[in-house]
Protein chains: 2
Amino acid sequence: MTMGRPRAFCTEKALDEAMEVFWRHGYDGATLAMLTKAMGIKPPSLYAAFGSKEGLLKAALDRYAERRSAHMRYVLEGATARDVAERFLSSIAESHTDPANPPGCLLVQGGLACGAGSENIPFELAARRAQTETELRGRFLRARDEGDLPEGSDPAALARFLSTVASGMGVLASSGADREALREVARVSLAAFPRGRGAGEAPA
Amino acid sequence: MTMGRPRAFCTEKALDEAMEVFWRHGYDGATLAMLTKAMGIKPPSLYAAFGSKEGLLKAALDRYAERRSAHMRYVLEGATARDVAERFLSSIAESHTDPANPPGCLLVQGGLACGAGSENIPFELAARRAQTETELRGRFLRARDEGDLPEGSDPAALARFLSTVASGMGVLASSGADREALREVARVSLAAFPRGRGAGEAPA
DNA sequence: AGACTTATCTACCACTCGTTACAAAAGTTG
DNA sequence: CAACTTTTGTAACGAGTGGTAGATAAGTCT
């Protein structure tokens with residue numbers, strides 16, 4: 001098919017390894033030496049395939065989003081706004097403590113602050129985090145139109161609240177909190193969420 | 001008084017400048033060049049006074065905790081558990097968007113993930129974050145004993161929830177969210193908090 | 001004054017960073 | 001086969017990293 005010497009490594013497997021390194025050490029903390037070792041390739045192969053360290057991160061972020069999209073679709077398919085919130089928080093509690101990955105969220109661990117020369121990385125990550133909030137807001141706007149949220153509810157505020165709690169759970173998981181701790185936070189958070197179309201009841 | 005040549009810079013002023021650099025760029029992202037320039041001193045003075053880059057961070061963290069202690073004392077003096085929660089979230093919304101400081105929380109911005117040679121930094125920051133949760137938990141345990149929380153309430157879970165939301169607000173502020181956005185999150189979060197000793201009402 | 005103690009500055013250390021020439025290797029195409 | 005195209009490994013690039021000698025300056029002590 002394609003001409004020239006064929007690539008000796010699997011791009012997707014390599015991206016998975018790179019993702020793990022960025023996840024565990026952050027963008028600045030992840031060195032080319034770590035990345036190339038984990039990916040099992042040498043620097044020239046990395047640069048030929050991804051352009052730069054930043055290009056590699058973006059490719060890894062794309063793959064991360066791709067992985068998450070199935071979960072997010074399931075979350076948004078919740079019958080009611082409250083179902084959606086419950087699914088969202090539960091899925092976060094599980095995924096952020098999945099032993100197959102570093103703890104927390106790549107979009108948070110990747111880097112909230114970076115050094116000289118990578119100042120744009122935090123923006124990139126923030127933009128990807130905002131994506132989730134946008135999806136939730138859209139779903140909650142629909143829920144309000146469907147009469148699925150009480151009158152006084154603010155769909156945008158609820159979406160931002162959930163997304164903020166998710167970020168907080170990322171920080172918590174990154175500190176070594178176990179799955180049960182995250183589930184507890186999810187449970188308490190859900191009490192802030194309006195029930196059906198009426199008023200709430202006894203929160204925890 | 002003390003013998004030898006007197007120090008030509010003010011330790012506390014220098015620490016404030018260093019704090020700002022760590023806050024804005026994270027531990028790994030903050031280079032000695034940035035730090036010495038901001039502090040207005042040369043590397044040997046820095047090392048004589050603080051021992052190492054890590055020593056400087058810890059000194060800055062101590063100063064950060066000192067600054068916050070007054071706010072935290074005010075928060076814990078709230079009459080009821082709900083007052084405490086309200087004061088806590090409000091104070092976080094204000095302080096994390098204080099234009100006098102970089103956005104967010106130093107204990108989050110400082111570094112959730114670090115590179116080789118500074119793997120212990122995230123632990124240090126996590127330990128300091130846990131301090132706040134511990135203080136809240138202590139206050140809520142007292143509140144329960146005073147009959148200030150409903151029967152089924154879990155003081156530890158509530159403390160962890162608030163501390164998690166605070167971390168999330170740090171991430172949000174770091175993404176450029178304005179003060180009003182954080183206040184909104186605080187308001188919604190408070191709906192998860194039990195009212196008085198009875199059941200809750202219509203949340204937002 | 002002179003001995004002593006501590007801080008400051010200039011210059012530099014060994015090392016690591018992200019990135020890239022260059023040539024050899026491994027394929028496809030005529 | 002030879003021409004072409006792309007990938008791979010070795011080795012290195014300049015720039016910047018955290019950290020430090022060693023000399024000098026600026027004070028206090030006897």
Side-chain angles (χ1 to χ4, degrees), chain A residues 1-15 17-19 21-22 24-60 110-111 113-122 124, chain B residues 1-15 17-19 21-22 24-60 110-111 113-122 124:
Chain A
M1 277 300 162
T2 58
M3 291 207 311
R5 178 171 175 174
R7 184 165 283 159
F9 63 95
C10 168
T11 307
E12 278 130 14
K13 280 285 171 197
L15 266 183
E17 301 296 335
M19 189 193 302
V21 174
F22 282 130
R24 196 175 299 281
H25 298 283
Y27 180 79
D28 275 354
T31 68
L32 264 292
M34 287 179 189
L35 290 164
T36 52
K37 181 175 179 183
M39 300 167 82
I41 63 178
K42 309 288 175 180
S45 299
L46 192 158
Y47 278 80
F50 305 105
S52 65
K53 187 185 177 185
E54 183 171 343
L56 175 62
L57 174 72
K58 289 184 178 172
C114 278
S118 38
E119 295 92 348
N120 51 319
I121 300 296
E124 180 74 29
Chain B
M1 277 301 162
T2 57
M3 289 208 312
R5 178 173 175 174
R7 183 166 282 159
F9 64 95
C10 168
T11 307
E12 278 130 14
K13 279 285 170 197
L15 266 183
E17 300 296 335
M19 188 194 300
V21 174
F22 283 130
R24 196 174 298 281
H25 299 283
Y27 180 79
D28 275 355
T31 68
L32 263 296
M34 288 179 191
L35 290 164
T36 53
K37 181 175 179 182
M39 300 167 81
I41 62 178
K42 309 287 175 182
S45 298
L46 193 159
Y47 278 81
F50 305 105
S52 65
K53 188 185 175 186
E54 183 170 342
L56 176 61
L57 174 73
K58 290 184 179 172
C114 278
S118 39
E119 296 90 349
N120 51 320
I121 300 294
E124 179 74 27

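What you see is a predicted model; the values in this text were computed from it and never measured. Naming: A, B, ... by sequence-line order, numbering from 1 per chain.
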(message) Using the side-chain hydrogen bond (donor to acceptor under 3.5 Å, both in side chains) criterion, which residues pair with Glu17(B)? Sequence neighbours excluded.
(response)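 Glu17(B) satisfies side-chain hydrogen bond (donor to acceptor under 3.5 Å, both in side chains) with no residue once adjacent residues are dropped.
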(message) Just to be sure I understand the rule, does Ala48(A) reach a base, reach only the sugar-phosphate, or reach nothing, if contact means heavy atoms closer than 4.0 Å?
(response)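 It contacts nothing in the nucleic acid.
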Atom pair distance, as rounded to whole Å: [atom1] in [X] and [atom2] in [N]:
X        : N       : atom1 : atom2 : answer
His25(A) : dC17(C) : NE2   : P     : 12 Å
Lys42(B) : dC9(C)  : NZ    : C1'   : 8 Å
Met39(B) : dA7(C)  : CE    : C1'   : 14 Å
Leu46(B) : dT17(D) : CG    : P     : 14 Å
Arg7(B)  : dT28(D) : CZ    : C1'   : 16 Å

(message) Under the side-chain hydrogen bond (donor to acceptor under 3.5 Å, both in side chains) definition, can you give me all pairs with a residue in residues 28-37 of chain B, not counting sequence neighbours?
(response)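 Every pair satisfying side-chain hydrogen bond (donor to acceptor under 3.5 Å, both in side chains) with a residue in residues 28-37 of chain B: Asp28(B)-Ser118(B).
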(request) Could you list all the salt bridge (charged side-chain N to carboxylate O under 4.0 Å, His left out) pairs where at least one residue sits in residues 39-56 of chain A, not counting sequence neighbours? (result)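 Qualifying pairs, neighbours excluded: Glu54(A)-Lys58(A).
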(message) Which residues pass the side-chain contact (heavy atoms from CB on, under 4.5 Å) test with Arg7(A), not counting sequence neighbours?
(response)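 Once residues adjacent in sequence are excluded, the partners of Arg7(A) under the side-chain contact (heavy atoms from CB on, under 4.5 Å) criterion are Phe9(A), Thr11(A), Ala49(A).
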(message) Checking Ala48(A) now: which residues fulfil side-chain contact (heavy atoms from CB on, under 4.5 Å) with it, not counting sequence neighbours?
(response)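 For Ala48(A), no residue satisfies side-chain contact (heavy atoms from CB on, under 4.5 Å) once neighbours in sequence are set aside.
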(request) At under 4.0 Å between heavy atoms, which parts of nucleotides 18-24 of chain C does protein reach? Answer with one letter per nucleotide, 5' to 3': B base, S sugar-phosphate only, - none. (result) SBBB---
(request) Name the closest nucleotide to the Phe9(A) side chain, picking from dT8(C), dT8(D), dC9(C). (result)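 Minimum distance to the Phe9(A) side chain belongs to dT8(D).
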(message) Using the rule given for side-chain contact (heavy atoms from CB on, under 4.5 Å), can you reason through Glu124(A) versus Tyr27(A), listing the C-alpha separation, both sets of side-chain angles and the distance that settles it, and then say yes or no?
(response) CA-CA 11 Å; Glu124(A) 180 74 29; Tyr27(A) 180 79; over 6 Å; no
(message) It should be established whether Ser45(A) places a side-chain nitrogen or oxygen under 4.0 Å from OP1 or OP2 of nucleotide dT7(D).
(response)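 So the side-chain polar atoms of Ser45(A) never come under 4.0 Å of the phosphate oxygens OP1 or OP2 of dT7(D).
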(request) Identify, between Ala116(B) and Ala8(B), the residue whose nearest nucleotide on DNA chain C lies closer to the 5' end. (result)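 Looking at DNA chain C, the more 5' nearest nucleotide goes with Ala8(B).
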